[in-house]
Amino acid sequence: MKIAVLPGDGIGTEIVAEAVKVLDVLDLKFEMESALVGGAAYEAHGHPLPESTLKLAKEADAVLFGAVGDWKYDKLDRPLRPEQAILGLRKNLGLFANFRPAICYEQLVDASSLKPELIAGLDILIIRELTGDIYFGQPRGRRIATDGHFPGAEEAFDTMRYSRPEIERIARVAFEAARKRSKRVTSVDKNNVLETSQLWKDVMLDIAKEYPDVELDHMLVDNAAMQLVKAPKKFDVVVTGNMFGDILSDEAAMLTGSIGMLPSASLNSSNQGLYEPSHGSAPDIAGKGVANPLATILSAAMMLRFSLNQAEAADRIESAVKDVLASGLRTGDIWSEGTKRVGTREMGDAVVAAITKKTITG
Ligand SMILES: NC(=O)c1ccc[n+]([C@@H]2O[C@H](COP(=O)([O-])OP(=O)(O)OC[C@H]3O[C@@H](n4cnc5c(N)ncnc54)[C@H](O)[C@@H]3O)[C@@H](O)[C@H]2O)c1
Ligand SMILES: CC(C)[C@H](C(=O)O)[C@@H](O)C(=O)O
Ligand SMILES: [Mg+2]
C-alpha cells in the first residue's frame, strides 16, 4: 500500500506533519512518499501540479493532502494558481464523490456559538459532487469589449454545467450512504432559477425510484443555508453540486465548532481517494504553529477506512481524538473557558499519546 503525501502550502505542511506522525505510530504496513503541490510546487518547478506529483498521486492507493494557496498568487494566470492543483488532482483521478461529515463531538458543544441544544449530537454527512458544475464547465473566460456587444469594458463568464450521468452517479452514492444511516437524503439545488438544478432534481427523483427504502426531499440552497443554522439536526445526508457543496460545507463546519474539525474524503469509482481537511491553507495563521490538525488527522482516519481497508486503525484514531478532546486540550479555534490551549504539534503529540496508551493497555 502506498500513500502519496502532498502537504502543499501554508498550514498544509504543519497539519499534514501531525497526521503523518499519527499514521506512523499505528505501525501498519504502508509506504508514504511526499511531493510538492500548489504554491510550493510552483516555486520549485514553475507549476502547481507537476507531472511527477500527479504521477505519484495516480499510482498511490490513497493521497493525503494538506491545503494549497496564498493571496500572493492571486495575480498569476489561472492555470498557474495553486488552487488549480487540487482541481487538477480531483479531475485527473476522477474523484467525483466528496464526503464531508459534520460531527459535533460532545466535548465541543461549548466551542460553537450556536445554542447547545441545536448541535449536541449533530452528525450530518454532506455529499458534494466534485468534478462537475461551474468549477469545470466550458466555456469560461474574460474578454474586453471591442465591438459594442456588451456594455461594460470587460466581461467575465463561467459555465454551470451538469450531465445526467454525472448526477446519477452522485445520487447513487448519496442513496447508498443514506441506507447505512437514517435512510433520508436531502437534495439541495436552485431549480427555481437554474437549468442545471432542474436537471439535478429530475435525476434525483429518477434515481430515488431505485431506493424505495430511502426518503428523498428537496431544498433550495438559500433555504438550506438558513436551515443549517436554524435546525441542523433535521438533516442527515445532504447531496448537492460542487459549488453549493463548497459553501454549505464551510457553513456546516461551524456546527462542529470549527473548520479545523471538518475532514473530507474524495473518492472515485474504484475507491481510490484523496483525503484532506475541508479548510484551506489559512495564510493568516500559517507558520505560527497554532492551526488545528484534527481535521487532517480525521481525514487520515477516513483514508484508512475507505481506501486502505484498515477500519480498525481508523477507529483507533477517531477514539484517540475523542480522548484528547475529553482531556481538555484545545487549539485556539476550538478553545473555550476552562480548557487548555495547545499548539498544532502538542495536539498531534496528544493524539499519538492517546493511541499508544490504548495499545499498551489493550
Ligand atoms: N483544498 C484546499 O487546498 C483549499 C481549501 C480552501 C481554501 N483554499 C485556499 O486557502 C487560501 C486561504 O483561503 P481562506 O482564508 O478563504 O480559507 P481557509 O480555510 O484557509 O481559512 C479560513 C479561516 O479559517 C481559519 N482556519 C482554517 N483552517 C484552520 C485550522 N486548521 N485551524 C484553525 N483555524 C483554521 C483560518 O485561519 C481563516 O481565518 C486560499 O488561497 C484558498 O484558495 C485551499
Ligand atoms: C481551494 C478550492 C478550489 C476548494 C474548492 O472550492 O473546492 C476548497 O474551497 C475546498 O473546499 O476544497
Ligand atoms: Mg471550500
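Indexing begins at 1, ligand by ligand and atom by atom, following the structure's order.
Residue-level proximity to ligand 1 for D333 is carried by the side chain, the only part with a heavy atom below 4.0 angstrom. Neither the backbone nor the side chain of Y73 has any atom closer than 4.0 Å to an atom of ligand 1 (non-hydrogen atoms only). Only the side chain of R100 comes within 4.0 Å of ligand 2, judged by heavy-atom distances. The proximity of E83 to ligand 1, defined as any non-hydrogen pair under 4.0 Å, is limited to the side chain.
Of the protein's heavy atoms, H279 CG, 3.1 Å lies nearest to atom 28 (N) of ligand 1. The nearest protein atom to atom 29 (C) of ligand 1, hydrogens excluded, is given as I11 CD1, 3.9 Å; this is a heavy-atom distance. Nearest protein neighbour of atom 6 (O) of ligand 2, counting heavy atoms only, is Y135 OH, 2.5 Å. For atom 25 (C) of ligand 1, the closest heavy atom belonging to the protein is I259 CG2, 4.2 Å. Here the heavy atom of the protein found nearest to atom 11 (O) of ligand 2 is D246 OD1, 2.9 Å. Of all protein heavy atoms, the one closest to atom 34 (N) of ligand 1 is I285 CD1, 3.6 Å.
Listed by number with element, the atoms of ligand 1 under 4.0 Å from a non-hydrogen atom of D284 are 36 (C), 37 (O), 38 (C), 39 (O). Listed by number with element, the atoms of ligand 1 under 4.0 Å from a non-hydrogen atom of A291 are 32 (N). Every atom of ligand 1 with a heavy atom of D70 under 4.0 Å away is listed here by number and element: 41 (O). Interface atoms of ligand 1 facing A67, defined by a heavy-atom separation under 4.0 Å, are 3 (O). Ligand 1 places these atoms under 4.0 Å from at least one heavy atom of W71: 12 (C), 13 (O), 14 (P), 15 (O), 16 (O), 40 (C).
Under a cutoff of 6.0 Å and an axis angle of 45°, R330 and W335 do not form a cation-pi pair. Figure legend: K190 and F244 shown without cation-pi pairing, the cationic atom not lying both under 6.0 angstrom from the six-membered ring centre and within 45 degrees of its axis. Cation-pi geometry between R169 and F96 is met: under 6.0 angstrom from the ring centre, within 45 degrees of the axis.
For the residue pair S266 and N98, the shortest heavy atom distance occurs at OG-ND2, 3.1 Å.
Counting heavy atoms only, S281 comes closest to atom 11 (C) of ligand 1 of the residues G280, G69, A282, S281. Closest to atom 12 (C) of ligand 1 by heavy atom, among P283, G12, G10, is P283. Across the listed options E276, R90, R81, R90 owns the non-hydrogen atom lying nearest to atom 7 (O) of ligand 2.
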Please assess R172 against E210 for the test salt bridge (Lys or Arg N to Asp or Glu O under 4.0 Å), listing each intermediate value before the final yes or no.
-> CA-CA 9 Å; R172 289 198 179 94; E210 297 170 18; 2.8 Å; yes
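Crowding of E51 atom CD: a count of heavy atoms from other residues, nucleotides or ligands under 6.0 Å not exceeding 12. For E43, the CD atom sits in a packed shell: over 12 heavy atoms of surrounding residues, nucleotides or ligands are nearer than 6.0 Å. Crowding of E176 atom CD: a count of heavy atoms from other residues, nucleotides or ligands under 6.0 Å exceeding 12.
There is no path of hydrophobic side-chain contacts, each under 4.5 Å, that joins M204 to M219. Under a hydrophobic clustering in which Ile, Leu, Val, Met, Phe, Trp and Tyr are joined whenever their side-chain heavy atoms come within less than 4.5 Å, directly or via other members, L130 and L248 fall into different clusters.
Remark: atom 22 (C) of ligand 1 lies closer than 4.0 Å to no protein heavy atom. Of the protein's heavy atoms, none falls inside 4.0 Å of atom 2 (C) of ligand 2. For atom 7 (C) of ligand 1, a protein heavy-atom neighbour is present inside the 4.0 Å cut-off.
Considering both main-chain and side-chain atoms, V68 comes within under 3.5 Å of ligand 1 through a nitrogen or oxygen pair. Between N242 and ligand 2, a contact under 3.5 Å exists for no N or O pair. Looking at ligand 1, you'll find an N or O of E276 within less than 3.5 Å of one of its N or O atoms. Not one N or O of E83 is nearer than 3.5 Å to an N or O of ligand 2, by distance alone. On a distance-only criterion, N292 and ligand 1 share at least one N/O pair closer than 3.5 Å.
For the ligand labelled ligand 1, residue F65 lies inside the 4.0 Å heavy-atom shell. In this structure, I15 does not count as a contact residue of ligand 1, since none of its heavy atoms falls inside 4.0 Å of the ligand.
Between R140 and D158, at least one side-chain nitrogen of the basic residue sits less than 4.0 Å from a carboxylate oxygen of the acidic one, meeting the salt-bridge criterion. Contact check on D123 versus K233 returns no salt bridge, with no Lys/Arg side-chain nitrogen under 4.0 Å from an Asp/Glu carboxylate oxygen. Remark: R305 engages E318 in a salt bridge, criterion side-chain N to carboxylate O under 4.0 Å.
Side-chain atoms of T296 and Y275 include no donor-acceptor pair closer than 3.5 Å. S307 and N271 form no side-chain donor-acceptor contact under 3.5 Å, judged by distance and modelled atom types alone.
Of the possible donor and acceptor atoms, one in the side chain of E129 sits under 3.5 Å from a partner among the backbone N and O of T131.
D246 lies close to the Mg ion (ligand 3), since one of its N, O or S atoms is found at a distance under 2.8 Å.
Taking the six-membered ring where the residue is Trp, F175 and Y211 present parallel rings, their angle staying beneath 30° rather than reaching 60°.
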